[in-house]
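Here the structure comes first, spelled out in structure tokens, and everything after it is commentary.
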Amino acid sequence: MMPSLASKIDDIPPDHSPQANDGTRSPAVIAVDRSTARPRPADPESEDLDRELHAMFARLTGGVSPVALALACFDWAGHLAAAPQRQMEIVKQATAGIGRLVQSALHFASPEQGPWSLIKPQPQDRRFAAPDWEEPPFNLTAQAFLLAEQWWHDATTGIRGVAPANEAIVEFSVRQLLDMMAPSNFAATNPEVLRRAFKSGGENFVLGWQNWCSDLMRALHPEKAAPEQHEFVVGESVATARGKVVFRNELIELIQYYPTTEKVHPEPILIVPAWIMKYYILDLSPHNSLVNYLTGQGFTVFAISWRNPGVADREVSFDDYRRLGVSAALALISVIVPGRRIHALGYCLGGTLLSITSAAMARDGDNRLKSITLLAAQTDFTEAGELTLFINESQVAFLEDVMWDRGFLDTTQMAGAFQLLRSNDLIWSRVSRDYLMGERTHPSDLMAWNADATRLPYRMHSEYLRKLFLHNDLAEGRFVVDGKPIVLSDIHTPMFVVGTVRDHVAPWKSVYKIHYQVDADVTFLLTSGGHNAGVVASPDENGHFYQVMTKAADAPYVGPDEWIKAAPRVEGSWWPEWTRWLAVRSGEPCAPPRMGTGNERNLPDAPGEYVHH
């Protein structure tokens, strides 16, 4: 259990401030519970040698387990080798595709034949969207590539006997190789690049070379800020909402924001962001800051800012994030706003942690939560999108060895995994734009935030991968908090759950599973956009839309496919919908609460100090 809140506040020395954290030194070593630590083997030195070897391999494979990939390929190839009829079908498809391509080439100049007569790109595939790709011979090249892509998809899927997880790994791996070989990635086969070269006299290649050199230097010296970070400075142009750090421990700074209305709803809001990135995703520029929007709607807002861990924090556990994070913040808020129940919001991994905390509170009869809001947060990980491709016993063990070598998961490895999920948009389109076209995308606040990544402690991330992703303990009632299991069905607090249409990290149908996990009224909202852009959806921006419906706790379950047909579509941002929902569940506006407890002892103003490290 945590010490009393008063003693926790009084223990903060006047000059308590974080030191520079470069991965070799940490501002504070967190006191953690090691009662659940994994036992050491009989010969720890031999395991250490194995882990050193795995960590060395990881530097060559980008953190992907070669054993997991080899087993998946063997499963696919072995079952395909034992399926002669399926082989004949695949060969027949290839022959038919080649024949269609030859026929199309012979009649390519025919006016009756449209530019995409053989195969069209998928709606989300923007590689061949420019009009130049409709001209010969580039159109034929693009269609040949798309036919090959389709054939490889058919060849790697639908093989009887292949484990679904292995099939997904093989299909994903082949898709990555094909994306790398797309004609849009090469100057000689990309008509847009050639047109730009003719118009500029080759200047685009010079600019592309300069862009490549700049990116290389930044990769060799990651401590140097990216160009977009010079324009978007934390505390100056982003994370600018006025507030004050009212509490700090070894893991979090709790920020309380100043009210911007004369009266506020009595129930405060606590924001629990994911510690995978910095908290200010919900306080970007003033025009798209959710914090600013909430204070403008008459709410008192608190937000957790997580500290960036280093080597000394390797044994920080997942439960430490609950105890020293969410639980500590709730305790402090209860002191500042005594007797008031709290609206809690969790985003991404922060939402998963909030769900765990809420279930534990419900089990123990703690009713401080007035409502629970989850943004793109999963509580069941059986269908967690393509991220699950990186989660099996071999891959988790490999990642554990990588983290063991340093004590944390480095930001570059985590960012690389997310980029692979959308390699067309995040890797190869950038290669074409930056290095072949010689262009640079104008920096944005979201890009700057995305580049401001954090590290993950060894033990915490291992427990997260094993207990939640690999074993799905939370959804199946095996997750243990304070020595006893928790179950989500203990939650009876009204919930507002947001999923996003194009979410590659937390697919909306996975988020939707909360409907049959909790015993509470659930208002589910599906919004346009992806994992980040769908959440940061200011009412001032055009192009947003959402669907929303409420299911009472005792109402019959409606599946996601039926839900999306029945839920009405609304144009605009989802933020007003949510604040109306909150207002209905809040009391009449009253005078704002005090700022802090009076025991802050020279703690800084928002955005605090942890966010800078």
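This is a predicted model, so every value here is computed, not measured.
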#### Entry: CG on L345 to CG on L290, rounded to 0.5 Å
7.0 Å
### Point-to-point distance, once rounded to the nearest 0.5 Å, from CG of N249 to CG of L332
9.5 Å
### Candidate pair F469 and F381, rule ring pair (Phe, Tyr, Trp, His ring centres under 6.0 Å), full reasoning
CA-CA 5 Å; F469 262 99; F381 292 83; 4.7 Å; yes
### Query
Sub-3.5 Å donor-acceptor pair from the side chain of Q378 to the main-chain atoms of V505, do we have one?
yes
### Message
Whether R459 engages the ring of F318 as a cation-pi pair (distance to the six-membered ring centre under 6.0 angstrom, angle to the ring normal within 45°) should be assessed.
### Response
no
### Query
For Y610, does its backbone N or O pair with a side-chain atom of E253 as donor and acceptor, under 3.5 Å?
yes
### Query
When rounded to the nearest 0.5 angstrom, what is the spacing between CD1 in I304 and CZ in F247?
10.0 Å
### Message
Could you walk me through whether D473 and K467 satisfy the salt bridge (Lys or Arg N to Asp or Glu O under 4.0 Å) test, starting with their C-alpha distance in whole Å, then the side-chain angles of each, then the deciding distance to 0.1 Å, before giving a yes or no?
### Response
CA-CA 5 Å; D473 286 351; K467 293 181 180 181; over 6 Å; no
### Message
Is there a salt bridge (Lys or Arg N to Asp or Glu O under 4.0 Å) between R307 and D313? Walk through the geometry before answering.
### Response
CA-CA 11 Å; R307 186 173 66 81; D313 305 313; 3.2 Å; yes
### Message
With a 4.5 Å cut-off on side-chain heavy atoms, are T373 and M495 touching?
### Response
no
### Message
Run the ring pair (Phe, Tyr, Trp, His ring centres under 6.0 Å) test on F524 and W563 for me, step by step, so that the C-alpha distance in whole Å, both residues' side-chain angles and the decisive distance to 0.1 Å come before the verdict.
### Response
CA-CA 10 Å; F524 187 82; W563 182 94; 5.2 Å; yes
#### Entry: Pair E562-K551, salt bridge (Lys or Arg N to Asp or Glu O under 4.0 Å): steps then yes or no
CA-CA 13 Å; E562 292 74 22; K551 173 191 173 298; over 6 Å; no
### Task
Could you go through the side-chain contact (heavy atoms from CB on, under 4.5 Å) check for L369 and I372 one step at a time?
CA-CA 7 Å; L369 296 183; I372 300 168; 4.1 Å; yes
### Query
Is any side-chain heavy atom of I486 less than 4.5 Å from a side-chain heavy atom of V480?
no
### Message
Taking the six-membered ring for Trp, are W306 and Y321 closer than 6.0 Å centroid to centroid?
### Response
yes
### Aromatic plane relationship, Y557 with H515 - under 30° parallel, 30 to 60° tilted, over 60° perpendicular
perpendicular
### Message
If you compare all heavy atoms of W275 against all heavy atoms of L353, which two are closest, and at what distance to 0.1 Å?
### Response
CZ3-CD2, 3.4 Å
### Task
For residues L69 and S173, determine if any side-chain heavy atom of one lies less than 4.5 Å from a side-chain heavy atom of the other.
yes
### Message
Within the 4.5 Å heavy-atom criterion, are E149 and L146 side-chain neighbours or not?
### Response
yes
### Query
Can you list the residues that meet the side chain to side chain donor-acceptor pair (under 3.5 Å) rule with K509, with sequence neighbours excluded?
D561
### Message
So which atom in M403 and which in S462 form the shortest heavy-atom distance, rounded to 0.1 Å?
### Response
CE-N, 4.0 Å
### Message
Rounded at 0.5 Å granularity, tell me how far OH in Y516 sits from OG in S489.
### Response
13.5 Å
#### Entry: Distance-minimising heavy-atom pair for D519 and H492
O-ND1, 3.0 Å
#### Entry: Working for salt bridge (Lys or Arg N to Asp or Glu O under 4.0 Å), residues R323 and D482
CA-CA 10 Å; R323 293 187 306 107; D482 291 335; over 6 Å; no
### Query
Is it true that a side-chain atom of N185 and a backbone atom of D179 form a donor plus acceptor pair closer than 3.5 Å?
yes
#### Entry: Side-chain heavy-atom pair T527, V501 within 4.5 angstrom cut-off
no
### Query
Heavy-atom count around E383 CD within 6.0 Å, excluding the residue itself: above 12?
no
### Query
Do D215 and Y435 get their side chains close enough for a donor-acceptor pair, meaning under 3.5 Å?
yes
### Message
Test side-chain contact (heavy atoms from CB on, under 4.5 Å) on L526 and Y546; report intermediate values, then the result.
### Response
CA-CA 5 Å; L526 180 64; Y546 63 88; over 6 Å; no
### Query
Just by distance, with hydrogens left out, do D503 and H531 show a side-chain donor and acceptor under 3.5 Å apart?
yes
### Query
Can you check side-chain contact (heavy atoms from CB on, under 4.5 Å) on F408 and L456, steps first, answer last?
CA-CA 5 Å; F408 54 79; L456 300 178; 5.8 Å; no
### Query
R455 side chain to P309 main-chain N or O, any donor-acceptor pair under 3.5 Å?
yes
### Summary
Sorted by chain and residue number, the ring-ring contact (aromatic ring centres under 6.0 Å, His included) partners of W76 (sequence neighbours excluded) come out as none
### Task
Take L282 and Y347 through the side-chain contact (heavy atoms from CB on, under 4.5 Å) test and state the conclusion after the steps.
CA-CA 9 Å; L282 298 179; Y347 182 17; 4.3 Å; yes
### Query
Where is the tightest heavy-atom contact between N450 and M277, given as atom of each residue plus distance?
O-CE, 3.5 Å
## Note on the structure
For A506 and A376, the nearest pair of non-hydrogen atoms, with its separation, is CB-O, 3.5 Å
## Note on the structure
Distance col, row W578:CH2 vs L375:CG, nearest 0.5 angstrom, shows 6.5 Å
### Query
Is there a donor in the side chain of W508 and an acceptor in the side chain of T500, or the other way round, less than 3.5 Å apart?
no
### Query
Going by atom types only, do T379 and Q517 share a side-chain donor-acceptor pair under 3.5 Å?
yes
### Query
What closest approach, in Å, do R363 and P485 show between heavy atoms, and which atom pair accounts for it?
NH1-O, 3.5 Å
### Query
Do T382 and K513 have a side chain donor and acceptor closer than 3.5 Å?
yes
### Heavy-atom side-chain contact between I252 and R248 under 4.5 Å
no
### Task
Measure from the side-chain N and O atoms of D366 to the backbone N and O of R368, and report whether any donor-acceptor pair falls under 3.5 Å.
yes
### Message
Rounded at 0.5 Å granularity, tell me how far CG in L474 sits from CG in D380.
### Response
8.5 Å
### Message
Measuring only between side-chain heavy atoms, which start at C-beta, is V238 closer than 4.5 Å to D283?
### Response
no
#### Entry: Heavy-atom side-chain proximity of P607 to K278 below 4.5 angstrom
no
### Task
Name all pairs fulfilling the salt bridge (Lys or Arg N to Asp or Glu O under 4.0 Å) condition that reach into residues 160-171, sequence neighbours left out, sorted by first residue then second.
E171-R175
